[in-house]
Amino acid sequence: MWNLATVSALLYLGSISSVLGGPVQKSPLFLPSSAAGHQQAVKNIFLESYSAYKEFAFGHDDLTAVTKSFVDDRNGWGASIVDALSTLIIMGETDLVNEAINFTSKIDFNISHTTDTVSVFETTIRYVAGSLSAYELSGKKFPVLVEKAKQVADKMSVAWVGSNAVPFGEVDFNTSTPQIATSNIAEAGTLTLEWGRLSQYTGNDTYRKLAEGSVRQIISVPDPLPGLAGQGIDPSTGETSDAYITWGGGSDSYFEYLIKYARITNTDDPIFADTWATAVDSSIKNLLVTSTVGDHTYLADFDETGTLINVGSHLACFMAGNWLLGGKLLNNQTIINAALKLNDGCWNTYASTATGIGPEAFAYFSNKGNITNQDVTADDLSFYDQNGFFIQSGATYYLQRPEVLESNFHAWRVTGDTKYLDRAASAIQSFQTFLSAPAGFAGIWDVTNTDKTPDTNYFIDDTQSFWFAEVMKYLYLTFDDPSHISLDEWVFNTEAHPLQAPPAKASYGSGKLTAPAKLKLPFTPTAKLPKVSFVPILGSNQQGP
């Protein structure tokens with residue numbers, strides 16, 4: 001067990017007691033004259049993508065942009081429509097908004113339209129959040145959106161079995177039974193924003209209690225490092241099932257929501273902000289590294305033996321924006337400085353490829369070791385010597401993920417440094433050049449390959465719904481009036497659906513780090529982790545990205 005004296009000795013963040021937070025966004029912020037053109041370019045990409053979806057896939061989950069058809073990988077409820085809704089409202093596309101609200105109002109969430117089970121996490125961040133965000137953004141004119149969020153949440157509530165604080169991750173909607181299996185902290189700990197807000201609008205506090213109870217259980221179990229929960233959690237016992245630590249897939253949004261839940265609720269209970277601050281402190285002390293080439297700042301993983309693994313991922317690159325938000329709320333410049341360096345490290349993975357787009361996962365050698373858990377080839381070493389990282393084996397693809405551009409957006413709004421506008425403009429150009437598919441826009445299998453000639457297996461034949469919800473929204477808002485969807489007035493869920501925040505408190509948390517019990521390492525996993533993606537590098541039950 002870490003006592004308070006030990007925690008104090010480990011404190012990298014400086015004294016945070018009795019320090020008042022401040023506004024998140026820099027004020028004033030001035031956009032250059034070029035911003036309007038870049039914003040219109042983003043809107044054009046969105047509308048072209050959405051038009052292709054409407055032509056070939058409307059009512060289904062995803063467009064297949066190469067074969068001009070569709071897939072239903074989110075239970076056939078029209079994920080792209082609900083996910084796009086908040087972006088459509090922000091962009092002012094009234095006709096498309098009305099069409100999407102009309103569609104959403106008629107979704108029958110009582111059954112899955114596919115044979116798949118329903119992911120409590122994925123369904124919450126897309127369908128529940130998409131509906132509630134649209135309700136708020138549209139001036140609360142469409143209460144049917146709350147009704148739809150309630151309908152699907154009610155069906156998912158069977159994931160909490162008996163006295164279990166942690167829900168099972170998958171539910172069979174056609175039989176209203178959960179799939180009994182292990183979970184991870186991202187699945188179990190990323191429900192509070194959405195279910196808490198649903199409680200506000202329905203007057204039923206059960207939704208909040210269920211979601212918040214799961215997070216409190218995760219916080220309560222012993223940690224491999226202070227504040228940094230192990231990735232695996234067993235809903236049947238509420239105990240850690242895998243001690244791997246990462247800010248990447250399977251853990252990411254649990255850490256993200258700790259500070260966001262504190263902000264959106266203005267709760268007087270310091271446990272959420274304090275646990276987040278402790279997690280960041282541990283990360284700066286134990287996981288923050290610099291590459292031996294280029295001195296790039298990255299955040300490593302930490303395995304169940306206590307070994308630092310020098311890997312990163314696109315999914316984990318959200319952390320820079322999250323740290324900027326939390327650093328401002330805690331008025332802690334150490335966190336802000338680290339976040340900006342991490343943001344630069346993530347952007348380096350974009351700037352270093354032939355397409356100007358970053359890969360799914362990467363590795364490097366650092367001041368804290370060379371372990372990457374993969375065989376390093378001569379080509380890897382050559383790429384590393386030039387760029388300060390190399391792409392993990394099997395992870396060359398770009399799946400239309402938002403995290404690097406999400407953090408870039410936050411960096412612009414927090415600092416006002418126009419280099420972040422330049423980076424966003426560069427990404428727009430890369431998307432126009434390399435992601436334009438036979439129908440709309442699609443991901444690509446190799447960010448180092450610029451050969452789009454036919455029959456090269458260049459595109460990933462699936463336009464992700466989060467392309468509409470996240471990538472397009474963050475890019476659009478980067479070049480928008482900074483007062484529109486201000487970071488001081490809205491909190492983004494992990495799918496980039498904005499939820500209204502009350503006026504900020506003077507401070508968040510107690511100003512002290514927590515002192516959780518220590519999980520003894522090495523730790524033997526008791527169950528396999530659930531899959532977090534269908535694509536190769538994350539498609540197997542493995543630990544971390």
Side-chain angles (χ1 to χ4, degrees), residues 10-30 226-228 247 252 255-264 270 272-290 295-300 312 316-348 403-424 474 477-478 482 486-492 501 504-513:
L10 296 178
L11 183 58
Y12 267 43
L13 305 184
S15 175
I16 55 177
S17 297
S18 303
V19 174
L20 300 182
V24 176
Q25 287 198 179
K26 180 181 176 66
S27 181
L29 279 175
F30 299 105
L228 292 168
W247 281 74
D252 43 10
F255 297 118
E256 175 187 357
Y257 271 31
L258 288 170
I259 192 64
K260 287 185 173 181
Y261 187 63
R263 171 64 186 93
I264 203 169
F272 306 102
D274 288 355
T275 302
W276 182 86
T278 305
V280 173
D281 178 68
S282 284
S283 297
I284 291 175
K285 180 181 185 296
N286 297 286
L287 308 182
L288 200 72
V289 299
T290 56
D295 290 326
H296 300 293
T297 300
Y298 301 123
L299 204 60
C317 282
F318 87 93
M319 107 286 281
N322 186 247
W323 287 23
L324 287 171
L325 172 67
K328 294 297 286 187
L329 292 177
L330 272 59
N331 195 19
N332 192 295
Q333 195 62 40
T334 300
I335 300 176
I336 294 168
N337 292 343
L340 292 173
K341 289 181 180 179
L342 287 167
N343 187 63
D344 288 343
C346 285
W347 180 255
N348 180 54
E403 291 81 13
V404 173
L405 296 172
E406 171 186 354
S407 287
N408 187 73
F409 161 71
H410 281 79
W412 156 246
R413 288 281 184 95
V414 167
T415 70
D417 191 329
T418 57
K419 75 178 182 181
Y420 302 114
L421 300 181
D422 295 338
R423 290 175 178 180
Y474 282 126
L477 287 175
T478 299
S486 166
L487 293 175
D488 292 304
E489 299 173 359
W490 298 82
V491 172
F492 290 87
K505 294 171 58 176
S507 61
Y508 288 86
S510 69
K512 300 177 182 178
L513 300 183

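Inter-residue side-chain proximity for Ser283 and Leu228 is flagged as met; some heavy-atom pair is nearer than 4.5 Å. Proximity of Phe409 to Leu487: side-chain heavy atoms (C-beta onward) are separated by under 4.5 Å at one or more points. In this structure, Thr418 and Trp412 have side chains that are in contact, with non-hydrogen atoms separated by less than 4.5 Å.
With Ser507 contributing its side chain and Leu20 its backbone, the two residues share no donor-acceptor pair below 3.5 Å. A distance-only check finds a donor-acceptor pair linking the side chain of Asn408 to the backbone of Tyr420 [under 3.5 Å]. Checked by atom type and distance alone, the side chain of Thr278 never pairs as donor or acceptor with a backbone atom of Leu513 at under 3.5 Å. Not a single donor-acceptor pair under 3.5 Å links the side chain of Asp274 to the backbone N or O of Gly509.
For Trp347, the ring pair (Phe, Tyr, Trp, His ring centres under 6.0 Å) partners are Tyr350, not counting sequence neighbours. A search for ring pair (Phe, Tyr, Trp, His ring centres under 6.0 Å) contacts involving Tyr261 returns Phe272, not counting sequence neighbours. Residues meeting the side-chain contact (heavy atoms from CB on, under 4.5 Å) test with Pro482, sequence neighbours left out: Gln25, Leu29, Leu31, Arg413. Evaluation of the ring pair (Phe, Tyr, Trp, His ring centres under 6.0 Å) rule for Tyr298 yields Phe362, Tyr364 as partners, not counting sequence neighbours. Residues meeting the side-chain contact (heavy atoms from CB on, under 4.5 Å) test with Lys505, sequence neighbours left out: Asn266, Asp268, Tyr508.
When all heavy atoms of Glu406 and Phe318 are compared, the pair lying nearest together is OE1-CB, 3.9 Å. Smallest separation of non-hydrogen atoms from Pro270 and Ser510: CB-N, 3.6 Å. Across Asn332 and Thr334, no two heavy atoms sit closer than the pair OD1-N, 3.0 Å. Of all heavy-atom pairs spanning Cys317 and Ser407, the tightest one is O-OG, 2.7 Å. Closest non-hydrogen pair, Asn331 versus Gly21, comes out as CB-CA, 3.9 Å. Taking both residues in full, the closest heavy atoms of Ala338 and Ile284 are given as CB-CD1, 4.3 Å, listed atom of the first, atom of the second, then distance.
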Using a 3.5 Å cut-off and no angle test, enumerate the donor-acceptor pairs between side-chain atoms of residues 322-329 and protein atoms at least two apart in sequence or in another chain.
| from | atom 1 | to | atom 2 | distance (Å) |
| --- | --- | --- | --- | --- |
| Asn322 | OD1 | Trp276 | NE1 | 2.9 |
| Asn322 | ND2 | Glu256 | O | 3.3 |

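To the nearest 0.5 Å, the span separating CG on Leu330 from CD1 on Ile336 amounts to 9.5 Å. Separating the OG1 atom in Thr297 from the CG atom in Leu340 is a distance of 10.5 Å, to the nearest 0.5 Å. Once rounded to the nearest 0.5 Å, the distance linking OG1 of Thr275 with CG of Leu258 reads 6.0 Å.
Using the six-membered ring where Trp is involved, Tyr474 and His410 have ring planes that are tilted, between 30° and 60° apart.
Shown are Asp252, Val280, Leu342; of these, the side chain to side chain contact (heavy atoms under 4.5 Å, CB included) with Met319 is made only by Leu342.
At a threshold of 4.0 Å, the pair Asp344-Arg423 counts as salt-bridged, since one of the basic side-chain nitrogens sits closer than that to a carboxylate oxygen.
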